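The structure presented is a predicted model; accordingly, all values stated were derived computationally and were not measured. The first residue of the sequence shown is numbered 1, and numbering continues consecutively from there. Below, each value reflects all heavy atoms present in this structure, side chains not excepted, and no hydrogens, waters or symmetry copies.
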Amino acid sequence: MASLMLDNALARLDGALGQLEAAARRRIEAERSRANLETELALMQDDRARLAADLDGAMARLGHVETAAADVDQRLQRAMNVIVAVIDRVQAQQPAEEPEPEAG
């Protein structure tokens, strides 16, 4: 009978140890998973910071391009106005040409 009680106690102890080992494995896996998630989050935060810096740089370059485009537009407008004025002056100095009679 003592042997049977000892066997039962050992079986319960073995079961309890099995449960403890399973709980320890789950805990270790959860810690690994958490560490992986934290690493992944850190990588995403680094990517976000890099992308934000890239976007800031691109926006600054866009501002420079827009400023340059506005300057070019103003210069083109002035150049076209000068050309139109020159053409008008040349046309005003030339006598009016009569249209040639059509050959027919």
Distance-only criterion, 3.5 Å: show the donor-acceptor pairs between side-chain atoms of residues 66-89 and protein atoms not counting sequence neighbours.
from	atom 1	to	atom 2	distance (Å)
T67	OG1	G63	O	2.9
D71	OD2	R75	NE	3.2
D71	OD2	R75	NH2	3.4
N81	ND2	Q77	O	3.2

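- Residue pairs meeting the side-chain hydrogen bond (donor to acceptor under 3.5 Å, both in side chains) criterion with at least one partner in residues 35-44, sequence neighbours excluded, are R34-E38.
- Within the structure, salt bridge (charged side-chain N to carboxylate O under 4.0 Å, His left out) contacts touching residues 43-54 (residues at least two apart or in different chains) are D47-R50, R50-D54.
- A search for side chain to side chain contact (heavy atoms under 4.5 Å, CB included) contacts involving R61 returns A58, not counting sequence neighbours.
- In the hydrophobic clustering, L43 connects to no other residue, as no ILVMFWY side-chain heavy atoms lie under 4.5 Å from its own.
- Grouping Ile, Leu, Val, Met, Phe, Trp and Tyr by side-chain contacts under 4.5 Å, direct or through others, puts M59 with L55.
- With sequence neighbours excluded, no residue forms a salt bridge (charged side-chain N to carboxylate O under 4.0 Å, His left out) with R25.
- Hydrophobic side-chain contacts under 4.5 Å tie L62 to no other Ile, Leu, Val, Met, Phe, Trp or Tyr residue.
- Cluster partners of L10, by chain and number: L6. The rule joins Ile, Leu, Val, Met, Phe, Trp and Tyr whenever side-chain heavy atoms lie under 4.5 Å apart.
- Under the side-chain hydrogen bond (donor to acceptor under 3.5 Å, both in side chains) criterion, no residue pair touches residues 3-23, with sequence neighbours excluded.
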